[in-house]
Visitor: 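There's a structure below that I have some questions on.
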Amino acid sequence: MANDEDYQYSSSDDDFPEQQYYEPLEHRDITNNILDDYEYLNYDTDSLESFNSDVDIVDGMAVSHVTNPNKKRSIEGAMVNLKYECFTTQDIFNNMLEKVDRLQPMFSIPREDIILLLQKYGWDEDRLLEDWTNKMDGLLIEAGIHINNEQKELPKSQRGISNRDFFTCPICCEDQIKETYSLECGHEYCISCYRHYIEDRLNKGNIITCMSCSLALKNTDIDELMNGPSSEKLMHSSIKSFVQKHNENYRWCPFTDCKCIVHIQDTTEFVEYIRLHYSPYVLCNESHRFCFSCSFEMHSPADCEITSSWIKKAKKESDNLNWVLSHTKECPKCSVNIEKNGGCNHMICSSCKYEFCWICNSDWKPHGSSFYQCTMYNNDELKTQTVIEDVSKTLKRYTFFYRMFNEHEVSAKLDWQLGQTVGNKIKSLQEKMGVSWIEGQFLTESLKILNEGRTALKWSFAVVFYSDSSHNLTKIFVDNQALLANSVEDLSALLQIKSPETIMEKKVEFYNKAGYVENRTYALMECGRELISKGIVKITN
Amino acid sequence: MSSLCLQRLQEERKKWRKDHPFSFFAKPLKKADGTMDLQHWEAGIPGKAGTLWADAVYPISIEYPDEYPSKPPKVKFPAGFYHPNIYPSGTVCLSILNEDQDWRPAITLKQIVLGVQDLLDSPNPNSPAQEPAWRAFSKNKEEYQKKVASQAKAYAK
């Protein structure tokens, strides 16, 4: 479940207005402008950070939108001042060409040759310069730019394609070859063998040489042979290996098909992050947020350590479980197989019309009005069990938490599909009701918050799994979890509304519920951080 | 097997039969149905005269991948062969047999077997492939020579 496919639901993140990382308040300002007409409250941070599941607050939230700019920052998952840049391979390629331009006046050899030298030195300008001053001629031979005269066996020939009658290629042993290619070394082969050979090596990112000796093919030669800009592909794979080699400071965005590379100059700040149990989240140009240190999606309230051992455990124990749990469930009443195709956990069996909660399989009625307890694992029976039964209990306990984790992952995916229709909803709002673009943004905004809430909820089950369940703070954490789960379900149900009129009528409700989810997400993350800081989370596998 | 691979291997065989270095041998194996399997060869590498390895012929197997000649063949001695640059499995660690290093599609069978012969008496202590022979070679020459000599006896002509 850690494979890339699972990220696909997030890969169209760019539907959202792009957020400026350094100005986390920007989109909040937009919301505030719209909110001018509505009353909203600022709860003081103390009441939220006490992690009390105070019912008054819950009720209060239901009618008022709460916003606190400082909190937004933490939901984005980072301390301030993490400085990073985001590149695409094209940007890095351009940087490299700049390097070439800088070196050209010093080296006074053709640019193509400098590219070869830089490729040989893994694009390390300084090391190349050092060696260049020490052993210029040796370097030119080593990089395959000049022929090593001592080893020369064949008469010098011209670089390029030649037309021949009845040439026998020593590689494929075809005779009657018409078109051949050779470098100055005189090793001549048929053009189709060369093409095969180049095609094969474009992905490796190393210098491509003559098929017999170490004389290098320049980018211009490659393009001439391949009849197209194939050398670009070589440059890109060269950059790829550059990034992989410098993985301390460079990271590929882990989201499917995203070409962004995030670069952090100074990774020493990470120590501070780890000390405070924050994770260094970064946002790529395509608005994908991921953790720089573990290259995973945003995983708060879990830290990197919990995340990686959870993933490992999940891989190990639930290859089968994974599939069985994620696809169907039987109706608790009539046992018909049900596939969930919408984001909300309020299920109505299409066969017997029984209403139940997708997560706890029990009647929906107690869920609807007040917040519910089905995210809690009942641990009481555990105490009286013998050791042998303990093992199966541990597995059962894991299965329970894994199921929770998985449910929210699946729900998040469905939410994502929901997101695809949100765009259409906005369109129809604009057409039918003459709503301006900016006024329709609350839908996308709500969806984004919903998604963040779900992700936090999902990872919180990994935290609880590793936590000491007898500790009071764990209980508080679980309470927080239940509150967030409740608010997420509410918001998710709200987003299912199809009619544009109803949506506009319920705009305030959208704000309230989204704001509440946002606050609960933050509270859960902070509580999780405290849990980890106090050493209540123990990783055991 | 691609036609490119097959055609080239037929040519390699033709060339080898026409001319090959003295006291070397190399031939394709036979498939179960009695036809020739050009992708699997067996060959013998004589130790160079005047070295510890002399007076013996060391057996190797050569396995050509479908991507040959784009990719190099795999050359193996019997498992457990005593030499600093030969893996415990018998696989030879030689730069001309490494796709990412010095392999070139133009390298012929003759060049490969001569390269392997060269490697026998001039091991490269910088890329050890097995511990016992490497340790002895760099720390205890006497023991190394003894082991090599006894191995030569086992493969004596």
Side-chain angles (χ1 to χ4, degrees), chain A residues 119-120 122 141-144 147-148 151 153-154 157 167-177 180-183 185-217 225-226 234 237-238 240-241 244-245, chain B residues 1-21 26-28 36-39 41 62-74 93-115 118 122 124 126-127:
Chain A
Q119 245 178 302
K120 187 172 169 56
I141 290 170
E142 249 178 72
I147 300 181
N148 189 348
Q151 285 175 4
E153 328 132 20
L154 295 157
S157 76
F167 173 80
T168 305
C169 169
I171 303 283
C172 62
C173 312
E174 281 294 348
D175 39 21
Q176 305 188 357
I177 298 283
T180 65
Y181 189 87
S182 79
L183 298 176
C185 55
H187 299 117
E188 188 177 3
Y189 302 104
C190 78
I191 202 152
S192 90
C193 277
Y194 248 115
R195 284 185 184 144
H196 266 291
Y197 169 72
I198 291 172
E199 193 63 54
D200 215 59
R201 273 164 180 69
L202 283 177
N203 290 325
K204 301 224 164 84
N206 299 326
I207 296 175
I208 301 179
T209 62
C210 160
M211 286 200 275
S212 182
C213 65
S214 57
L215 201 59
L217 287 159
L225 264 164
M226 303 300 279
L234 177 67
S237 38
S238 176
K240 221 184 221 167
S241 60
Q244 264 136 22
K245 231 190 331 264
Chain B
M1 199 199 304
S2 75
S3 65
L4 178 61
C5 174
L6 185 70
Q7 190 158 9
R8 169 71 186 270
L9 283 169
Q10 277 165 344
E11 193 59 32
E12 287 284 319
R13 179 159 179 269
K14 223 189 283 171
K15 265 195 261 174
W16 179 266
R17 287 171 65 114
K18 214 157 66 187
D19 164 50
H20 63 257
K27 53 175 190 275
M36 217 165 37
D37 182 358
L38 275 168
Q39 280 183 284
W41 291 53
I62 305 172
E63 195 184 323
Y64 291 95
D66 291 342
E67 296 87 351
Y68 175 81
S70 190
K71 287 191 168 40
K74 194 170 176 181
C93 172
L94 186 60
S95 71
I96 58 161
L97 293 174
N98 185 328
E99 194 194 351
D100 295 322
Q101 290 181 28
D102 296 332
W103 168 252
R104 301 280 179 275
I107 290 175
T108 60
L109 177 61
K110 184 171 149 189
Q111 285 168 293
I112 292 171
V113 292
L114 287 173
D118 264 348
S122 43
N124 173 8
N126 294 325
S127 64

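The structure presented is a predicted model; accordingly, all values stated were derived computationally and were not measured. Letters A, B, ... mirror the listed sequences (proteins, then strands); counts begin at 1.
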Visitor: Going from CD on Gln111(B) to OG on Ser212(A), what distance comes out if it is rounded to the nearest 0.5 angstrom?
Guide: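 It is 6.5 Å, given to the nearest 0.5 Å.
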Visitor: Side chain, backbone, both or neither: which part of Thr209(A) has an atom under 4.5 Å from a heavy atom of chain B?
Guide: side chain
Visitor: Taking the side chain as every heavy atom from C-beta outward, state whether His187(A) and Arg104(B) have any pair of such atoms under 4.5 Å apart.
Guide: no
Visitor: Take Glu11(B) and Thr168(A), measure what side-chain contact (heavy atoms from CB on, under 4.5 Å) needs, and give me the verdict at the end.
Guide: CA-CA 11 Å; Glu11(B) 193 59 32; Thr168(A) 305; over 6 Å; no
Visitor: Any side-chain heavy-atom pair from Arg201(A) and Ser70(B) closer than 4.5 angstrom?
Guide: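 The answer is yes; the side chains approach within 4.5 Å.
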Visitor: Could you tell me the separation between the CD atom of Glu67(B) and the NE2 atom of His196(A), rounded to the nearest 0.5 Å?
Guide: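 Interatomic distance, Glu67(B) CD to His196(A) NE2, rounded to 0.5 Å: 12.0 Å.
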Visitor: Using non-hydrogen atoms only, which part of Lys14(B) is less than 4.5 Å away from chain A: side chain, backbone, both, or neither?
Guide: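 It is neither, since no heavy atom gets under 4.5 Å.
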Visitor: About how many Å separate CD1 of Ile171(A) and OH of Tyr68(B), when rounded to the nearest 0.5 Å?
Guide: 8.0 Å
Visitor: As an exercise, state the distance from NZ of Lys15(B) to SG of Cys173(A), rounded to the nearest 0.5 Å.
Guide: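 Spacing of NZ (Lys15(B)) from SG (Cys173(A)) equals 6.0 Å.
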Visitor: For Glu99(B), is it the side chain, the backbone, both, or neither that has a heavy atom closer than 4.5 Å to a heavy atom of chain A?
Guide: both
Visitor: Would the number of heavy atoms belonging to other residues, nucleotides or ligands and lying under 6.0 Å from NZ of Lys204(A) be above 12?
Guide: yes
Visitor: So which part of Pro69(B) gets closer than 4.5 Å to some heavy atom of chain A, the side chain, the backbone, both or neither?
Guide: side chain
Visitor: Hey, what do you get for CG (Leu6(B)) to SG (Cys172(A)), rounding to the nearest 0.5 Å?
Guide: 12.5 Å
Visitor: Of the backbone (N, CA, C, O) and the side chain (C-beta and beyond), which part of Cys210(A) lies under 4.5 Å from a heavy atom of chain B, both, or neither?
Guide: backbone
